[in-house]
Each structure stands twice: as structure tokens, then as C-alpha cells.
Amino acid sequence: MAPWSGFWGGRAVLAGGTPVVVKMDNPNWSISEIDGDDEGAALLPGAGGRRRRRRGKNAKQITWVLLLKAHRAAGCLAWLASAAVALGGAARRRVAAGRTDADAEDEDGEAPATATAPAPPRHSCRFYAFIRAFLVLSVFLLAVELAAHANGRRLAAPAAVSLAALHAAWVRFRAAYVAPPLQLLADACVVLFLVQSADRLVQSLGCFYIHLKRLQPKPVSPPALPDAEDPDAGYYPMVLVQIPMCNEKEVYQQSIAAVCNLDWPRSNFLVQVLDDSDDPITQALIREEVEKWQQHGARIVYRHRVLREGYKAGNLKSAMSCSYVKDYEYVAIFDADFQPYPDFLKRTVPHFKDNEELGLVQARWSFVNKDENLLTRLQNINLCFHFEVEQQVNGMFINFFGFNGTAGVWRIKALEDSGGWMERTTVEDMDIAVRAHLKGWRFIFLNDVECQCELPESYEAYRKQQHRWHSGPMQLFRLCLPDIIRCKIAFWKKANLIFLFFLLRKLILPFYSFTLFCIILPLTMFVPEAELPDWVVCYIPALMSFLNILPSPRSFPFIIPYLLFENTMSVTKFNAMVSGLFQLGGAYEWVVTKKSGRSSEGDLVVLAPNKEHRKQQQQPVAAAEAKKPPAPVEKKKKQQKQKYNRIYKKELALSLLLLTAAARSLLSKQGMHFYFLLFQGVSFLMVGLDLIGEDVK
């Protein structure tokens, strides 16, 4: 330290410097000064000496600040280098494995449960062929443009003449036949984009108004205050609680434990565990768990269907046909990975009292694994906006929204009046909600009542989930449109259902996202006569992403990845929308979203009824499986090699297309378009190599 002090402070500071204690706790650091004695003051008499000593002290502090900043920067560079190496290694493993999304098996090693044959859908192959042909055309056009650009630098005479003639012919052709229809399509997509952006802005303003006025649904008849002498006094109607599940060995314990610990009189609610599992070991484990809770006083029954028809809707429909259901007034539904808090029923059921028009009370979701990886963080942004803005605004001002399929309480009379559960689509929750709305039932959304659940951690699971969520609404729209037109509800409610709920948010959104940013924008690089302004490419999407991320302010550092990822997912959503609208292959594909069981072991211990049961809960699932007959060796081998990362051909082809268009944009010096195409191409590349979600070594 002495040489540095002498260098900055001069000879006098050598004799009497200011001691500094540097605390380095990577990546944070701090500086503390220690007041020394006044030995140096004798060497520096007068005001001039004090100024020189202060100068030396400040110079020394600046030196340490610069050194520590350099150390921090070096640490960041080292982290970025290691992350880049790890990313490159993961990409190399994906390419070496060679497994693509064309494989017929899903993550669990089983064929997808579809209503049709399990063969890969033909329309998906045609969609990939279209993207591939578009990529080849763009590469050819880029070669022509590069050749013409090189021609401007004076090539040999024969080559220059031929290239000039070819390029001139291409310019005349694109100006006369390609640019006009492309510009027309671009203008139409921009109009749709602006309409959808206006809808999102209005919803965000509605959410701001709700928070500003502190509006929230309140029960018509406030619940009675708790009575210490009679704890069961109050409004406690008969409630049926259903937990549909299928081969979900990772989460059955936590969901059953959470539901059995609901704070509600034991005699006034019954739990139905609706198990559609086809794995004998999973069936035995779930049945054993139900028997444990029965022994400890819980009113819980186990149901298993022999004929698994209709997926989740068929499971719920079968459970509602039980003779004892007529004794219950309400039914609460929780998926297998959902864990309601003990006061869930006390905060939802009172809204039904003295409100005979109310058919559904929906709670919001919270996520136990939202910080697991980049994919879960981006999903959290989307779903926070969905619940905080879309569901809350529609519930407050329209009294209608799409039922989320779980974490909700239905009035059984409303279900029966609407026709009950139907297996005609893959979105049975939205189906029953639309039919109940057409019958005049009202819905309430409680933004302050949460129910914990899991987010898909792998891109494969998330992609299958999104395919079902965007294919099903189009199936439902085809089936419900005549009923919506014929029903006797108010005209504005019909318009809201048809134009906003279905067309704008379920059809137009994936259509323009894919067409505008993945097809039209790259084409305008090769056909400069058609153009997209910068505010369409950058400013409006950035504003919409800002609005989407407002309900989850801690996610602001991910605003750019979120914008890019949403455009990347438009491929899957557009494909699903088209397949559902035109009833193409894969429209009725249903794959149970894979769960990881992220609830801690401590949570299960807390929910267990007593010490003896807690010891049993702490035993690993493997020990329970050991008690069961061993599975065949072939099946075990099949399950061991089922989990792997894949290469997604559509996303890879689009990444090459966008990167080619980015290279072309350099020739025309379109800076904003270049950066957008470059980053969007890299985003498609990362998703295509499955580098965004769970990494399977």
C-alpha cells in the first residue's frame, strides 16, 4: 500500500497517511476510514498542509474505489465467460444428442393422449416446410443483395453485367408484385396490433383505477365474527372439494395434505381424490395416502376410473354423478399441484351467501418456483398480468372471465344449470365458464386470495401447455358461436364475448405476433419498398412489455428477455390457434403438464396430522415404491431414458431466418431493425436449442 500512497499523496503522505480498511465481500465491498494520530499534521503546518493532507486522502480513496471497481468488473467478466462456456457446452450437447421435437414420445416416455392417432400431425410438418422454404428464399435473396453490393465496388466486367441485370430484374419484380401485397398485409397487422395494444392499455388503466379507489369484491352479507364459545357458529355450508390428478406422483402428498387441513368444520366438507393414473405404483401410493388421512379423521374418498374418457372434464363429470353430491351446495376444485391456504374456504364461500346470482368465485395463483430459472421468471410475468389485470378488471367491471380450471369455488346449481362438464374441447374450464355466463351467472375474482402452485420448468412442458391453452379456445369458439348469437343476454355482453374475449385475445394476438414480427419484418429487409416504422418494431412493443411487467415489479430486469420470448412463443401459439380453428391434427392433444414437486419436505411435515404420520411423510417416495411389486425391466429402462433436452426445428429455422434478415439490414443501414432482428434471432436460437428452461445433464 505504501508505494500507491506515495505515488498519489507525495512524500509528506508517506509519513502520515489516512488508514483505510477495505471490506471485500464479493460482489459487495465497502471502505471505512480510521482516524489516525496527528503525527502527519506536524509535517504539514498551516492551512496549506491541511489542504495537501485532504488531497492525499481523497486521492487514496479514489484509487481504492477504482481498484475495487476493476475487481468487480473482472468478476463480472469471469462470470460472463463461464456462463458463455456453459451455454456453449449445453448447445453442443443438444446438437450431439440430435433429439428433436419430432419425437413421438413426451417427457414421461408415453405417447401423447390424443383423440386421434398419435402420429405426428401433418399440418405441423407443412408449417415447418413453409418456414424452411422461406429460409432458403431469404438466404438466396441475401446472396443476390450481397452480390449487387459487391458489384458497386467494381467487379470484373462480365460478372458485373450479369449481376446488374439480375438485380435490376429482381428490383422491378418486387416493386411491382411483391411490395404492394406485403405492405397491405403489414398495414393490416399494424392496425390489429394497435387495436390489441389499446385493449391492453384500457385494461391496465382499469387496474390502476381499481388500485386507486381500493375496490375489491365484498360479501353481500358479511361473515359473523368468531365466537370463542362456539367456534363452528357462522356460515358453513356443505362444500365438496375435488382434486383431479393423473400420474402426478411428485405432488399428490402436498395437495392432499393442504386440502385436508382446510379450516372448515369436518362434517361440512368432503374431499374427493379423483385419480386417473394408469401407473399401478402411483395408484397405490395415492390410495395409501388417502387411507392415512381417513384414519386421522378426514372425510376423504378415493375414486379411480376404469375407462379414462374425456380427460379432466370426464373425470370431473364422473365425480359429480355420485349420489351423495346432492347433499352439497358448493364444489371447490384444485389441481394436483395446488396447495390452498387453510383459510381458503373461509375467504371464498361467504361471497355466495345471499347472492343467488353468483356462480363462481375464483382465486389467483402464486408460484413456489417462480425464481427457478429464466423460463419460470418469464411465465411469472405473464401470469401476474393475467390475474392482476385481466381477471381482476373483467371480474370487477363485467362479472365475467375465463375460469382458470382450479383454485375456484362453483355453486353446484350453476354447474348443473349450464349443462355440467363437457369433454368436447381441451379447455373444459373455459367451456363451462362461457356456458354459465350465457345462462346469466355472475363471477367474482378475489385478487387477495392466493393458492400456491407450480410453473413448468422445462420448455417442452411449457410448450405443450401453451398449445392446449391456445388450441382449445378456438375449438370452443367454433362450438359456442351459434349459442352466443342465439342467447338472450345483453348485446354488449355478446360483443364482449365474440370480439374481445375470443377474436381479439385468443385469435388476433397470436396471429399478428407471428405474422408481423416473424414473417413481415424479415421480408421488409429484402423488399425495402414495403416498410415498418420504428415505433411498430420498438416503441409500442416496449410500452406493452412495460405494462405487462408492472404487476410484478421485481421482474423489471427481465423486460427485454420477456419481449423477445413473447415473440418467440408466437410460433407455438399461432400453430395451436390454427390447428384449433380448423380442427387439424393435434388440436385435441392433451398432455398432463409435468410437475417437479417443489414444495419443501418441511411443508409436508407441518401439514401432517401428528408425529407418527410426520415420520411416515418424511420417508422418501422410493421407500414406498419398494413395497410395491417391481415394474417390468423394459418399462423401467424406458422411464430412465425419457428425460432429455430437445432441438426445436421451427424455432431454429426461424432463428436462421431472422439472423439472415439482420445481415441484410446492415446493407440498408437500418439500425433499429438490425438490433431487433439480431436479438430476436438469438432468442429463437436459444429456445430452439432448449437453453431457456430446465437443463438435463
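Below, all heavy atoms of this structure are taken into account, side chains as well, without hydrogens, waters or symmetry copies. Here the structure is a predicted model, which means the values were calculated and not measured. Residue indices begin at 1 and follow the sequence shown.
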Will you find, in the side chains of [X] and [Y], an N or O donor that is under 3.5 Å from an N or O acceptor?
X    : Y    : value
D534 : Y539 : no
N567 : Q680 : yes
E651 : S655 : no
H211 : E388 : yes
E566 : N382 : yes

Taking [X] for its side chain and [Y] for its backbone only, find out whether a donor-acceptor pair lies under 3.5 Å.
X    : Y    : result
Q379 : P456 : yes
N315 : L274 : yes
R478 : L581 : yes
S513 : L509 : yes
N373 : E457 : yes
R442 : L360 : no
T515 : Y512 : no

For the [atom1] atom of [X] and the [atom2] atom of [Y], what is their distance to the nearest 0.5 Å?
X    : Y    : atom1 : atom2 : answer
L345 : N268 : CG    : CG    : 10.5 Å
I540 : L201 : CD1   : CG    : 9.5 Å
R364 : Q391 : CZ    : CD    : 10.5 Å
T406 : Q242 : OG1   : CD    : 11.0 Å
M396 : C207 : CE    : SG    : 10.0 Å
E390 : F401 : CD    : CZ    : 12.5 Å

Do [X] and [Y] have side chains that approach each other closer than 4.5 Å (heavy atoms only, starting at C-beta)?
X    : Y    : result
F445 : Q216 : no
Y462 : T376 : no
T568 : S683 : yes
Q339 : C451 : no
E428 : E423 : no
V259 : P340 : yes
F502 : V434 : yes
H470 : F574 : no

If you measure from the Lys or Arg side-chain nitrogens to the Asp or Glu carboxylate oxygens, is any gap between D429 and K312 under 4.0 Å?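 Salt bridge between D429 and K312, a charged N being under 4.0 Å from a carboxylate O: no.
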Would you call D483-R486 a salt bridge at under 4.0 Å N-O?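 Yes, D483 and R486 are salt-bridged.
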Nearest heavy-atom pair of [X] and [Y]: which atoms, and what distance?
X    : Y    : result
L455 : L383 : CD2-CD1, 3.5 Å
G206 : V393 : C-CG2, 3.9 Å
G472 : T425 : O-CB, 4.5 Å
L240 : Y328 : N-CD2, 3.8 Å
S555 : N380 : OG-ND2, 4.1 Å
E248 : A336 : OE1-CB, 3.2 Å

Taking the six-membered ring for Trp, are the ring centroids of Y235 and F352 within less than 6.0 Å of each other?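 No; F352 has its ring centre 6.0 Å or more from that of Y235.
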Is the distance between the ring centroids of Y459 and Y648 under 6.0 Å?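 Y648 vs Y459: aromatic centres under 6.0 Å.
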Are more than 12 heavy atoms, taken from residues, nucleotides or ligands other than [X], located less than 6.0 Å from that residue's [atom1] atom?
X    : atom1 : answer
F499 : CZ    : no
K370 : NZ    : no
I560 : CD1   : no
Y209 : OH    : no
K494 : NZ    : yes
R554 : CZ    : no

Yes or no on salt bridge (Lys or Arg N to Asp or Glu O under 4.0 Å) for R377 and E372, after CA distance, side-chain angles and deciding distance? CA-CA 7 Å; R377 292 176 186 272; E372 186 64 26; over 6 Å; no
V368 and D337: CA distance, side-chain angles, deciding distance, side-chain contact (heavy atoms from CB on, under 4.5 Å) verdict: CA-CA 10 Å; V368 297; D337 61 316; over 6 Å; no
Evaluate side-chain contact (heavy atoms from CB on, under 4.5 Å) for I444 paired with L358, printing each intermediate quantity in order. CA-CA 8 Å; I444 283 180; L358 183 60; 3.6 Å; yes
Take the angle between the ring planes of [X] and [Y] and call it parallel below 30°, perpendicular above 60°, tilted in between.
X    : Y    : answer
F387 : W365 : tilted
F556 : F546 : tilted
W410 : F443 : perpendicular
F517 : F193 : perpendicular

Take F344 and F334, measure what ring pair (Phe, Tyr, Trp, His ring centres under 6.0 Å) needs, and give me the verdict at the end. CA-CA 11 Å; F344 182 88; F334 302 100; 5.1 Å; yes
Derivation and outcome, ring pair (Phe, Tyr, Trp, His ring centres under 6.0 Å), residues F400 and F501: CA-CA 10 Å; F400 167 73; F501 186 76; 5.2 Å; yes
From CA spacing to verdict: side-chain hydrogen bond (donor to acceptor under 3.5 Å, both in side chains), Q362, T348: CA-CA 8 Å; Q362 173 73 59; T348 54; over 6 Å; no
Cation over ring, K506 on F477, under 6.0 Å and within 45°?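 No, K506 does not lie over the aromatic ring of F477.
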Apply salt bridge (Lys or Arg N to Asp or Glu O under 4.0 Å) to K413 and D417, showing your working. CA-CA 6 Å; K413 182 180 178 182; D417 182 51; over 6 Å; no
